[in-house]
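Step one of this worksheet: look at the structure below.
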Amino acid sequence: ISVILPTYNERDNVVPLARAIAEELAGREFEVLVVDDNSPDGTCQAVNDIGDPRIRGLLRTENRGFANSIRCGLENARGDLFIIMDSDWNHQPKYLPVMIEALEFYDCVSGSRFVYGGRMNSRRRHLLSWTFNIFTRLMTSGQITDSLYGFVAIHRRVLEKVDYDAVFWGYGDYCIRLMYYLQRQGATVLQIPVVNGERQTGEGNDRFFKVFMQYFREVVALTWRARVRGNDASSK
């Protein structure tokens, strides 16, 4: 099992998170890869100072960015199962065992805040995210209830069928593209209910509406590209 944690200035969150992940995966063969975009707070060094050979920091100084960091982690991972998580406790480690066990029967397991039992603590953000995910499903003709969350467990063999260049760029919009292409390829995706976690220290992303506009543009562009390819194919 390879757990990928992209980071930037998350030292005080990701160190206890990596330890918590190790506790949840006790008895299994795993690694935790903390992919750090050269954080000035010394995140990467703090991770390596944990002293656990199963937990290692990867320092990136070029082509930085959230989705690029995830790709770097995947390309350096050794496991047969990949797990992608946020590094700020947004994704709670307690869900890891059930996600891993479910991979025996599914290609991918994705956390969703919008199936029965899942939720966000902020009712305003919950409503906005829920509405946007409905928009995404309508535009892409998909079935995934939460294409924004990005808490994903997946078989290596399944993910490596996806074109990394088409998916892993930008910010959280990579997850919209990932879920889109997995569905297009016929992958079986189990959605499990999750409750959004809370960061322990520091401040989160306060560019909420700016990020949503970025995601909106990407959904429209993704749908447009698919339509153009469909028209091209039908004309041949």
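Starting from 1, each residue takes its place in the sequence as its number.
With sequence neighbours left out, N196 forms a side-chain hydrogen bond (donor to acceptor under 3.5 Å, both in side chains) with N90, Y149.
To the nearest 0.5 Å, atoms CZ (R123) and CG (L128) are separated by 13.0 Å. Note that CE of M139 is 11.0 Å distant from CD1 of I176, once rounded to the nearest 0.5 Å. Here the CG-SG distance, from L103 to C108, works out to 7.5 Å after rounding to the nearest 0.5 Å. One distance of note links OG of S112 with CD1 of I192; it measures 9.5 Å at 0.5 Å rounding. In this structure, the separation between CD1 on I70 and CD1 on I84 is 5.5 Å, given to the nearest 0.5 Å. Remark: L182 CG to S147 OG distance equals 10.0 Å, nearest 0.5 Å.
Listed here is the closest heavy atom pair of F135 and F216: CZ-CE1, 3.4 Å. Closest non-hydrogen pair, I83 versus A153, comes out as CG1-CB, 3.9 Å. Closest of all the heavy-atom pairs between P93 and P97 is O-CD, 3.9 Å. Taking each heavy atom of P6 and M85 in turn, the nearest pair found is CD-O, 3.2 Å. Pairing each heavy atom of G79 with each of F82, the nearest pair is O-CE2, 3.6 Å.
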Residue pair D36, T7: steps toward the side chain to side chain donor-acceptor pair (under 3.5 Å) verdict: CA-CA 5 Å; D36 181 60; T7 62; 3.0 Å; yes
Chi angles and distances behind the salt bridge (charged side-chain N to carboxylate O under 4.0 Å, His left out) call for D165, R71: CA-CA 9 Å; D165 289 339; R71 176 173 181 166; 2.6 Å; yes
Intermediate values then yes/no, side-chain contact (heavy atoms from CB on, under 4.5 Å), M179 and V152: CA-CA 10 Å; M179 291 298 141; V152 177; 3.7 Å; yes
H155 and Y106: CA distance, side-chain angles, deciding distance, ring-ring contact (aromatic ring centres under 6.0 Å, His included) verdict: CA-CA 9 Å; H155 291 274; Y106 293 87; over 10 Å; no
Verdict with supporting geometry, Q191 and T145, side chain to side chain donor-acceptor pair (under 3.5 Å): CA-CA 8 Å; Q191 301 177 84; T145 61; 2.6 Å; yes
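Linking Ile, Leu, Val, Met, Phe, Trp and Tyr residues whenever their side-chain heavy atoms come within less than 4.5 Å leaves F105 and I144 in two separate clusters. Hydrophobic clustering of Ile, Leu, Val, Met, Phe, Trp and Tyr side chains at less than 4.5 Å, counting indirect connections, keeps L74 apart from V47. No single ILVMFWY cluster, assembled from side-chain heavy atoms under 4.5 Å apart, contains both W130 and V195. L178 and V109 fall into different hydrophobic clusters, where Ile, Leu, Val, Met, Phe, Trp and Tyr residues are linked whenever their side-chain heavy atoms come under 4.5 Å apart, directly or through other members. A continuous path of ILVMFWY side-chain contacts below 4.5 Å connects V158 to F168, so both sit in one hydrophobic cluster.
In this structure, Y174 and F66 have tilted ring planes: the angle between them lies in the 30° to 60° band. A perpendicular orientation is assigned to the rings of Y95 and F151, their planes being inclined by more than 60° (bins at 30° and 60°).
Looking at R156, its side chain does come within 3.5 Å of a backbone N or O of A77 through a donor-acceptor pair. S39 contributes no side-chain N or O that, together with a main-chain N or O of D41, makes up a donor-acceptor pair within less than 3.5 Å. Of the possible polar contacts, one joining the H91 side chain to the D86 backbone as a donor-acceptor pair under 3.5 Å is found. With hydrogens and angles disregarded, a donor-acceptor distance shorter than 3.5 Å links the side chain of R60 to the backbone of N63. Side-chain atoms of Q183 come within 3.5 Å of backbone N or O of Q143 as a donor-acceptor pair. For R11 (side chain) and T43 (main-chain N/O), no donor-acceptor pair under 3.5 Å exists by modelled atom type. Checking side-chain atoms of T188 against main-chain N and O of D107 turns up a donor-acceptor pair under 3.5 Å. In this structure, N13 contributes its side chain and T201 its backbone to a donor-acceptor pair below 3.5 Å. In this structure a side-chain-to-backbone donor-acceptor pair under 3.5 Å is present from N48 to G57. In this structure, the side chain of D37 does not engage the main chain of Y8 through any donor-acceptor pair within 3.5 Å.
The closest side-chain heavy-atom distance from R119 to R113 is not below 4.5 Å. Within the 4.5 Å cutoff, no side-chain heavy atoms of S110 are placed close to those of D146. With a 4.5 Å cut-off on side-chain heavy atoms, L81 and I100 count as touching. With contacts defined as side-chain heavy-atom distances shorter than 4.5 Å, the pair L222/Y181 qualifies.
Environment of CG in N76: crowded, with over 12 heavy atoms of neighbouring residues, nucleotides or ligands closer than 6.0 Å. Within a 6.0 Å sphere centred on OH of Y164, other residues, nucleotides and ligands contribute more than 12 heavy atoms.
The cationic atom of R177 (NZ for Lys, CZ for Arg) lies less than 6.0 Å from the six-membered ring centre of W169 and within 45° of the ring axis.
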Side-chain atoms of residues 16-35: list all donor-acceptor pairs with protein atoms under 3.5 Å, sequence neighbours left out, distances to 0.1 Å.
from	atom 1	to	atom 2	distance (Å)
E31	OE1	R56	NH2	3.2
E31	OE2	S2	OG	2.6
E31	OE2	R78	N	2.7

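Residues Q200 and D12 bring no donor and acceptor atom of their side chains to less than 3.5 Å of each other.
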